[in-house]
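One structure below.
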Amino acid sequence: MSGQHASSQTAARVRRLEERLIDAGLTSDDELDGIIGRLLSGASPANGARVVARAWIDPAYRERLLADANAALEELGLSMSTGPQPQRFTVVPNTPDTHNVLVCTLCSCYPIALLGPSPSWYKSEAYRSRVVREPRAVLAEFGLELPAGTGIVVHDTSAESRHMVLPMRPAGTDGLAEDALAALVTREGLIGTAAV
Amino acid sequence: MARVNDVGGQSGFGRVTVEPDEPPFHADWEARVYALNVAMLRRGVYNLDQFRDAIERMPPAEYLAASYYERWLHAVEALTAPRSGDG
């Protein structure tokens with residue numbers, strides 16, 4: 001990526017590819033627009049936040065979520081199926097003793113349906129290489145200083161298996177309704193680079 | 001044998017840089033590449049493992065120089081290229 005000129009060359013390359021695949025009958029403008037539209041309107045960390053809020057207020061749901069996250073998603077009308085290949089989904093709960101954080105060291109595997117399009121830093125070589133070697137230092141750079149006694153588990157995801165972190169419910173939120181609880185949950189909390 | 005993409009544990013890639021309020025795509029062509037890949041996967045032109053393999057087989061220098069969606073573009077092009085004599 002070197003400036004405007006290189007980018008317009010790339011854009012022209014993409015147009016040629018698109019025309020070739022449309023001419024071959026493999027896709028259409030409408031289909032491509034639909035895919036982008038559904039991604040931008042449907043995939044959002046608000047989905048993951050709904051799951052977390054439900055788990056915070058309903059201990060039985062939390063238990064089902066940790067036992068079989070794919071099935072627990074369906075209870076809320078959500079799904080991991082963004083493509084033709086099924087993805088096993090696992091939710092990993094933070095506790096006072098253990099903090100979880102996600103990475104895909106090989107590429108960029110990420111639960112897009114629940115967290116929205118992934119941020120560039122998640123896909124960067126810097127994050128993928130370092131968070132498995134010095135997670136505490138990387139989390140501190142994100143502003144998350146964990147107590148020395150809290151262990152860190154780094155989950156390296158793969159094409160067939162995706163994870164999401166279940167953050168701990170913040171103190172002082174006892175009176176909050178489910179929607180208000182969901183609003184506290186951030187994308188970074190679901191990846192594990194923030195507390196909530 | 002490890003390929004260039006297998007960066008877990010390596011040193012020298014520097015600090016993690018976070019772009020505040022990052023948009024899902026930085027250019028329209030990135031969104032089109034995303035959609036083309038989903039469409040090809042959906043149609044069974046290739047599968048997800050073949051897609052990843054096509055990225056991971058990029059020459060290392062090219063892989064490291066490419067942006068995220070440039071890698072996707074490379075893979076979709078390679079996996080849909082008309083078969084030639086040396087293919």
Side-chain angles (χ1 to χ4, degrees), chain A residues 1-2 6-8 10-18 20-21 24 26-28 31-40 43 82-85 87 103-109 116-133 138 141-142 154 156 159-160 188 193, chain B residues 2-45 47-49 51-53 55-56 63-74 76-78 80-82:
Chain A
M1 295 279 272
S2 46
S7 188
S8 72
T10 308
R13 207 173 123 195
V14 174
R15 273 197 302 278
R16 286 195 298 277
L17 173 65
E18 196 176 312
R20 179 161 64 75
L21 297 178
L26 294 173
T27 185
S28 66
E31 183 184 22
L32 298 173
D33 288 343
I35 290 167
I36 297 168
R38 274 192 300 282
L39 173 76
L40 297 180
T82 49
Q85 283 170 251
Q87 293 172 350
V103 66
C104 174
T105 60
L106 291 175
C107 48
S108 57
C109 298
S118 58
S120 287
W121 62 257
Y122 183 84
K123 302 178 276 204
S124 70
E125 277 76 36
Y127 180 74
R128 288 158 47 202
S129 62
R130 277 186 66 213
V131 77
V132 291
R133 185 161 41 83
V138 171
E141 286 172 25
F142 274 91
V154 182
D156 197 354
E160 292 80 26
E188 282 64 27
T193 54
Chain B
R3 293 169 168 183
V4 61
N5 64 293
D6 191 0
V7 299
Q10 286 188 33
S11 309
F13 284 111
R15 283 174 72 94
V16 181
T17 327
V18 175
E19 181 185 336
D21 300 319
E22 182 180 2
F25 299 106
H26 293 80
D28 288 345
W29 69 260
E30 291 189 350
R32 300 305 277 185
V33 169
Y34 171 87
L36 284 168
N37 183 47
V38 172
M40 294 304 108
L41 287 169
R42 190 184 279 175
R43 196 156 298 249
V45 175
N47 65 30
L48 192 55
D49 299 315
F51 173 69
R52 288 180 57 184
D53 178 66
I55 290 178
E56 295 168 9
Y63 175 93
L64 291 172
S67 72
Y68 184 69
Y69 284 108
E70 284 171 344
R71 292 173 191 168
W72 280 44
L73 172 57
H74 169 92
V76 179
E77 281 178 339
T80 62

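Annotation: side chain of B/Arg71 is not in contact with side chain of A/Ser108 (no heavy-atom distance under 4.5 Å). Considering only heavy atoms from C-beta on, A/Leu40 comes within 4.5 Å of B/Pro24 through its side chain. In this structure the side chain of B/His26 never reaches within 4.5 angstrom of the side chain of A/Ser7, judged on heavy atoms. B/Met40 places a side-chain heavy atom less than 4.5 Å from the side chain of A/Leu26.
Put simply, CZ on A/Arg133 and OG on B/Ser11 are 3.5 Å apart, with the number rounded to the nearest 0.5 Å. Here the CG atom belonging to B/Leu48 is positioned 8.0 Å from the SG atom belonging to A/Cys107, to the nearest 0.5 angstrom. Put simply, OG on A/Ser124 and OH on B/Tyr68 are 11.5 Å apart, with the number rounded to the nearest 0.5 Å. Atom CZ of A/Arg20 is separated from atom CD of B/Glu77 by 7.0 Å, given to the nearest 0.5 angstrom. Taking CD1 of A/Ile35 as the reference point, atom OH of B/Tyr34 lies at 8.0 Å (rounded to 0.5 Å). B/Asn37 CG to A/Leu32 CG: the interatomic distance, rounded to the nearest 0.5 Å, is 11.0 Å.
Of all heavy-atom pairs between A/Ile36 and B/Ala35, the closest is CG1-CB, 3.7 Å. In terms of heavy-atom proximity, B/Ala39 sits nearest to A/Thr27 at CB-OG1, 3.7 Å.
Residue B/Tyr63 touches chain A through its side chain alone, counting heavy-atom pairs closer than 4.5 Å. In this structure, the portion of B/Leu64 lying under 4.5 Å from any heavy atom of chain A is its side chain and not its backbone. Only the side chain of A/Leu21 comes within less than 4.5 Å of a heavy atom in chain B; its backbone stays farther off. Residue contact with chain A, scored on non-hydrogen atoms closer than 4.5 Å, involves the backbone and the side chain of B/Arg15 alike. Residue contact with chain A, scored on non-hydrogen atoms closer than 4.5 Å, involves the backbone of B/Thr17 exclusively. Using a 4.5 Å cut-off between heavy atoms, A/Glu18 touches chain B through backbone and side chain atoms alike. Residue contact with chain A, scored on non-hydrogen atoms closer than 4.5 Å, involves the backbone and the side chain of B/Val18 alike.
In this structure, the side chain to side chain contact (heavy atoms under 4.5 Å, CB included) partners of A/Asp33, at least two apart in sequence or on a different chain, are B/Arg32. With sequence neighbours excluded, the residues that form a side chain to side chain contact (heavy atoms under 4.5 Å, CB included) with A/Thr193 are A/Val101, A/Trp121, A/Tyr127, A/Leu139, A/Phe142, A/Glu188, A/Ile191.
A donor-acceptor distance shorter than 3.5 angstrom exists from the side chain of A/Arg128 to the backbone of B/Asn5, with no hydrogens or angles considered.
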Problem set entry | Residue pair A/Leu39, B/Phe25: steps toward the side chain to side chain contact (heavy atoms under 4.5 Å, CB included) verdict | CA-CA 11 Å; A/Leu39 173 76; B/Phe25 299 106; 3.5 Å; yes
For this session: Given side chain to side chain contact (heavy atoms under 4.5 Å, CB included), test A/Cys109 with B/Arg52 step by step and report yes or no.
Result: CA-CA 10 Å; A/Cys109 298; B/Arg52 288 180 57 184; 4.2 Å; yes
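Between chain B and the residues A/Thr105, A/Val131, A/Val103, A/Val138, the most heavy-atom pairs under 4.5 angstrom are made by A/Thr105.
Using a 4.0 Å cut-off between charged side-chain N and carboxylate O, A/Lys123 and B/Glu19 make no salt bridge.
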